[in-house]
Every structure is written in C-alpha cells, then in structure tokens.
A.B. asks: 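Structure in structure tokens, see below.
Throughout, protein chains are lettered first and strands after them, A, B, ... in sequence-line order, and every chain is numbered starting at 1.
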Amino acid sequence: MAPPLHPAPASNPQRERDVPTPTTSSLHALFLRAVDPSRPASWSAAVTDLLSSGDAVAALATFAAAVRANPAALRPALPPALRAAAAATSLAAGRQLHLLALRLGLFPSDPYSASALLHMYHHCSRPMDARRAFDEIPDPNPVIVTAMASGYVRNNLVYHSLDLFRAMIASDSASVVDEAAALVAFSASARVPDRGVTASLHALIAKIGLEKNAGVVNTMLDSYAKGGSRDLEAARKVFDTMERDVVSWNSMIALYAQNGMSAEALGLYSKMLNVGGGIKCNAVVLSAVLLACAHAGAIQTGKRIHNQVVRMGLEENVYVGTSVVDMYSKCGRVEMANKAFRKIKEKNILSWSAMITGYGIHGHGQEALEIFAEMKRSGLRPNYITFISVLAACSHAGHLDEGRHWYSAMKQEFGIEPGVEHYGCMVDLLGRAGCLDEAYGLIKEMKVKPDAAIWGALLSACRIHKNVELAEISVKRLFELDATNSGYYVLLSNIYAEAGMWKDVERVRFLVKTRGIEKPPGYSSVELKGKTHLFYVGDKSHRQHKEIYSYLEKLLERMQEAGYVPNTGSVLHDLDEEEKESALRIHSEKLAVAFALMNSVPGSVIHIIKNLRVCSDCHTAMKFITKITEREIIIRDLQRFHHFKDGLCSCRDYW
DNA sequence: TTAGGGTTAG
C-alpha cells in the first residue's frame with residue numbers, strides 16, 4: 001500500500017497504516033531542506049519541519065533515512081518522529097519507534113520521549129497501550145500526566161482523565177496544575193454526565209489563580225453548558241463576569257443556538273456588535289447565528305445575516321456558505337439555498353449533504369438525488385452521513401425504489417454498514433408506503449439496537465395504515481426505551497381513536513395522567529419585522545388577540561363560501577360535530593396565519609413554524625387561505641415543509 | 001532544546 005499523502009486529521013483517528021518507507025520524493029524533500037547528514041541536529045530539525053508543514057509521512061521517512069545515515073541523530077529526532085507517527089496514525093511506525101526508544105535507553109527515563117510515546121498511542125486509538133507505557137514511567141512529571149489525561153479525553157475515557165487530574169491535585173502542591181492541565185480537565189468535564197464536576201473544578205482554578213486566563217475560562221464556559229449540569233445560566237454567569245474575547249462571545253452565542261435558544265443567540269449577537277468592546281463579526285459567529293435563524297425559521301433575520309455574509313466576502317467560505325444553505329432550506333427557501341450552495345468555492349462532504357437534505361425535507365426527492373449524483377461526479381466519495389441525507393430524501397419524497405436501491409448500494413458498493421439513522425429512514429419509507437411487514441422485518445434483522453426513532457417511525461406508519469396490532473408492539477418497545485415521552489401516548493391514543501376504540505383511548509389517557517406525563521403544548525410561530533410571535537391553541541395572550549380572532553372569523557366565513565368544509569375527522573375526541581368544528585377554528589397555525597395576514601400584503605410569503613404535525617384540517621384550510629388572500633404560505637412542522645401557493649399544496653411529500 | 005493544551009462554525 002502506498003503511504004498516504006497527508007496525515008489524517010488529528011481529531012479523527014483512523015486505522016493503523018503501513019510504515020512509510022523512504023521514497024524518492026522524501027529524499028528529494030531531504031535534499032531540499034539541506035540536511036547535513038553528519039550533524040545530528042540537522043536530522044531532527046528536518047523531521048520537525050516536515051511534520052509542521054503537514055507532511056507526517058515524509059517526516060517519518062526522513063527519520064528512517066537518519067537511522068541508516070547517522071545513528072547519533074536518533075536521540076534528538078525520536079520525539080518528533082513519534083509525533084509524526086501520531087499525526088499519520090501509523091501504529092506500526094509508532095511501535096517500531098517504541099522498540100527503538102527502549103534500545104536507545106530513551107524510554108522510560110527520558111521524559112521527552114515518554115510524553116511523545118503516550119501521545120502516539122493515544123492518537124492511534126490505543127489508550128491501553130499508552131496506559132501500559134505510562135505505568136512503566138517511575139515518576140511522571142506534570143507534562144507527561146497531562147499528555148496522558150488529554151489522550152484519555154481523545155479516546156472518550158473521560159473518567160480516567162479526571163482521575164489523573166484528581167491525583168495530580170492530591171499528590172503534590174497544587175502548583176503542578178497549570179494552564180494546560182486545567183484546559184484538559186475542563187474539556188473532560190464537558191463530556192461527563194455528572195453534575196457539579198465543572199463547579200468543583202471552577203473552585204479549584206479560582207484558588208490557583210487561573211480564573212483570569214481567557215483560554216481556561218472559555219473552556220469552562222463550554223463545560224458548564226455541555227457537562228452534566230447542562231447549565232446555560234451558569235455559563236452565562238461566567239460569561240457576564242469574565243474578561244471576554246472573541247471566542248467567549250462566539251461560544252456563548254453558539255451554545256444558545258445549539259440549545260434552540262434562538263432569541264437569546266440573536267440578542268447576544270446584536271449586543272456583541274453594539275457593546276462588545278470592539279469585538280468584530282467573523283465567520284464563526286455568523287455560522288452560529290445562521291443556525292439560530294434556521295432553528296427559529298427567522299427568514300428575515302436570516303436574510304439580513306446573509307447580506308452581512310456577502311458584505312464580508314464570506315459567501316465562498318465553506319463553513320459559512322454551508323450554514324447559509326442550511327438556514328435557507330430550514331426556512332423553506334430551497335431555491336435560495338441552492339443559489340448559496342453554488343457560491344461555495346470548495347464544497348466539502350457536509351456542504352453536499354446539507355443541500356441533499358435541503359431538497360429532501362422539501363419533498364424534492366428527484367433534485368436531492370441529482371445533487372447526490374453531481375457530488376459523486378465531482379469525485380467525492382459518499383460517506384455515512386451522505387447516505388442519511390440520501391435515504392431521508394427518498395423517504396420524504398416517497399421514492400420507494402430509489403430508497404431500496406441506495407440502501408443496498410450503500411452496503412454493497414460503498415461498504416458502509418447501516419446505522420440506526422439509515423434504518424430509521426428505511427423504516428419510515430417502507431412504513432409510509434404500506435410495507436409494514438417489510439419494515440418490521442428490517443427492524444428485527446438490525447445488528448444495532450433499534451432506538452426510539454425507529455419504533456416511532458413504525459408507530460407513525462401504523463397510524464397511517466391503521467395497523468393497531470403492530471402499533472401495540474411498537475409502543476411496548478417505545479415504553480421500554482422512554483416511558484415519559486408524551487408523543488407516543490398521543491400517537492397510540494390517536495390510533496385507537498381512529499379505530500373507534502374509545503375504551504382504549506381512555507386507558508391511554510389514564511396512563512398519561514397516572515404516570516404524570518406532561519405533553520408540551522403545540523404552538524405555531526411567525527416572524528414579523530424580525531420579531532417572533534408565538535401562538536398556542538386558543539391563545540389569547542397576544543396583544544392583538546381580539547383583532548386576530550375577528551379577522552379569523554371573517555376569513556373562515558369567506559373560506560366556507562369558497563367551499564371549505566371543516567375536516568372534523570381529525571379531531572380525535574369524543575365530541576359532537578359542532579364542538580369539533582369550534583375546536584378546529586382555534587388551532588395555533590390558524591391564529592398565526594391570521595396574524596400574519598393582517599400584517600402583510602398580497603404576494604408576500606408567510607412562514608410559519610409548527611412544533612407538532614400540522615393537522616389535516618389546517619392543511620386543507622391553508623389551501624383555501626392562499627387562494628382567497630393571494631399569499632404564499634410555508635409551514636414547517638416537525639417532519640416536513642408544506643408550501644401553499646395558488647391554493648395548492650406544492651409539497652410533494654404529502655404522501 | 002526534543003515534551004503536555006482547550007474553547008467557537010456546517
């Protein structure tokens with residue numbers, strides 16, 4: 001096997017590779033770097049140089065050349081050679097260097113070789129080999145311990161990492177805990193589900209005077225929000241009192257955006273621009289803010305941020321560009337997403353996936369598959385994530401044959417073992433198409449444990465195809481996995497209601513009550529002049545609620561004149577017809593649309609976000625509303641987009 | 001004279 005041209009990215013350890021041997025090109029590199037073979041320092045300098053220029057393989061080859069040319073050069077060149085083996089994730093090369101270190105007497109006595117050796121084993125995903133070596137080191141100094149601790153974090157052995165840190169505190173004076181050790185400790189505590197770890201580390205660094213260190217505090221900010229306490233308020237408190245740099249602002253905004261707190265993210269962003277003390281907008285923060293817009297469906301704000309991206313000349317930037325694509329597609333403007341996508345200069349696999357997903361969630365399965373084909377033509381090899389996008393697109397568009405085709409091609413042609421996400425798409429696709437037994441069969445043959453999303457997909461399919469028996473099987477599994485999710489109870493009770501099994505409906509409702517499960521109320525939100533307005537069913541908390549209700553009344557009258565008949569079949573309570581009709585009139589999406597209509601002109605686009613599925617009556621109602629009022633309405637619900645235009649739902653995935 | 005480091009984006 002030819003040695004790889006570039007080392008694997010450090011954050012993505014790959015499998016062991018063959019030891020690179022010196023090649024003509026690396027000897028050429030040697031020549032270019034003017035190594036003086038007789039000077040030992042010249043060899044180590046060449047290895048270090050090549051490594052820092054990103055060519056770990058050439059660095060290793062140079063070391064191998066030194067072995068033959070000048071044995072005296074090995075001692076200083078060994079640590080950088082070990083780091084090269086780590087960067088190339090070449091365990092075979094690393095093991096040979098380990099043997100050499102033993103032969104030269106550099107291990108375990110030389111701390112420089114020792115720390116580099118641990119680093120190598122951790123980067124090659126061999127934490128237990130690192131541990132064995134670590135245990136042979138008689139009196140590991142703080143640098144070695146920190147190398148060990150960070151390696152544990154890299155390999156997801158966070159508790160081992162924290163144990164080392166605790167031992168570090170206990171063993172000696174606290175002065176051994178320096179900036180590097182504290183950074184590692186906080187990065188570990190961000191990955192641990194226990195509450196209070198971050199707070200106790202916080203107390204410790206305050207004691208040893210690292211509380212003013214921006215790097216350490218930024219890492220702490222992150223671990224407050226991501227660690228066991230999941231405490232964004234604590235993170236905000238730290239943020240408010242610290243000396244903030246650009247990373248602090250970006251981190252806090254990103255934390256809000258990632259946790260769905262879009263209003264907070266956007267608010268903090270404008271605060272940063274106004275009172276941030278000279279902190280300037282950059283690519284990182286724009287990506288985070290675009291994520292917040294995508295989540296909130298804040299298309300107007302998203303457009304403003306996009307303008308900012310253009311002004312800063314960042315349209316071609318792959319990170320920002322992909323965020324723009326994601327924002328537009330999540331806000332229902334898939335054509336705008338495509339325009340932004342075309343502007344990205346060096347599209348990576350995630351840019352392509354974002355675009356495939358964009359078309360997919362809008363039900364444009366054909367376009368999604370065309371983008372996929374284009375990606376393959378460009379020479380990129382689809383990976384695990386790409387196939388999630390592709391299969392999800394097939395599932396949303398109801399492309400049964402294509403879905404089956406790509407599912408098997410993924411395994412056979414591309415050697416990718418399907419994960420829960422792929423199974424989820426396939427179960428959804430097969431289930432919706434009515435192939436319930438095939439879907440159930442697929443679940444039974446899964447090698448990984450089916451998660452709630454899989455059984456949930458089967459359960460929804462059971463509702464569509466009115467299969468009570470399989471629904472009960474799915475629910476049983478779902479309750480084993482998560483008995484507190486109200487959604488499953490609602491679905492099950494709906495399935496019983498549609499089958500007229502009112503006694504069972506009552507039984508489920510009784511369960512919900514006795515188990516103390518709370519169902520989050522559904523809401524619809526609409527953005528107006530950059531401000532988001534929220535509506536619940538029958539909501540009267542809005543400032544203009546009186547106007548909204550009377551507007552809606554008149555609108556419903558006009559709709560009924562145009563032929564709209566309330567679809568009371570979707571009301572799953574045991575009510576009489578009249579009660580059912582009035583229950584439908586105050587659905588949150590109708591309130592939100594009425595409010596948006598009052599504040600818009602014909603020809604405009606109304607964009608609504610719904611946190612639950614849009615009911616079939618509201619779906620019908622929107623068709624009439626678009627016809628009467630000449631507005632385009634886009635509703636994004638839990639699973640898909642509905643574009644209503646000219647009285648038609650152009651969403652092809654309403655199948 | 002060759003060691004250990006983390007946080008922000010899709």
A.B. asks: Does anything in residues 80-105 of chain A form a ring-ring contact (aromatic ring centres under 6.0 Å, His included)? List the pairs, not counting sequence neighbours.
C.D. replies: A:His98-A:Phe107, A:His98-A:Tyr121
A.B. asks: What residue pairs, at least two apart or across chains, pass side chain to side chain donor-acceptor pair (under 3.5 Å) with a residue in residues 137-148 of chain A?
C.D. replies: none
A.B. asks: Sort and list the pairs that fulfil salt bridge (charged side-chain N to carboxylate O under 4.0 Å, His left out) and have at least one residue in residues 98-120 of chain A, not counting sequence neighbours.
C.D. replies: none
A.B. asks: Indicate, with a heavy-atom threshold strictly under 4.0 Å, whether A:Val318 touches base, sugar-phosphate, or nothing.
C.D. replies: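 Base: the residue A:Val318, judged by heavy atoms under 4.0 Å, touches a nucleobase.
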A.B. asks: List the atom pairs, donor and acceptor, that lie under 3.5 Å between side-chain atoms in residues 369-377 of chain A and the rest of the protein, sequence neighbours left out.
C.D. replies:
{"from": "A:Glu374", "atom 1": "OE1", "to": "A:Arg342", "atom 2": "NH2", "distance (Å)": "3.2"}
{"from": "A:Glu374", "atom 1": "OE2", "to": "A:Arg342", "atom 2": "NH1", "distance (Å)": "2.7"}

A.B. asks: Tell me, please, which residues at least two apart from A:Arg195 pass salt bridge (Lys or Arg N to Asp or Glu O under 4.0 Å).
C.D. replies: none
A.B. asks: Within the 4.0 Å limit for protein heavy atoms, which parts of nucleotides 1-8 of chain B are touched? Write it as a string from 5' to 3', B for base, S for sugar-phosphate only, - for none.
C.D. replies: -BBBBBBB
A.B. asks: Residues in salt bridge (Lys or Arg N to Asp or Glu O under 4.0 Å) with A:Arg132, at least two apart?
C.D. replies: A:Asp129
A.B. asks: Could I get the full list of side-chain hydrogen bond (donor to acceptor under 3.5 Å, both in side chains) partners for A:Glu316, not counting sequence neighbours?
C.D. replies: none
A.B. asks: Which parts of residues 297-314 of chain A get close to DNA chain B, meaning a heavy atom less than 4.0 angstrom away?
C.D. replies: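 Output list: empty, so none.
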A.B. asks: Answer with base, sugar-phosphate or nothing: what part of the nucleic acid does A:Leu286 contact at a heavy-atom distance below 4.0 Å?
C.D. replies: nothing
A.B. asks: Given the side-chain rings of A:His202 and A:Tyr224, with only the six-membered ring counted for Trp, is the space between their centroids under 6.0 Å?
C.D. replies: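 Under 6.0 Å, so yes.
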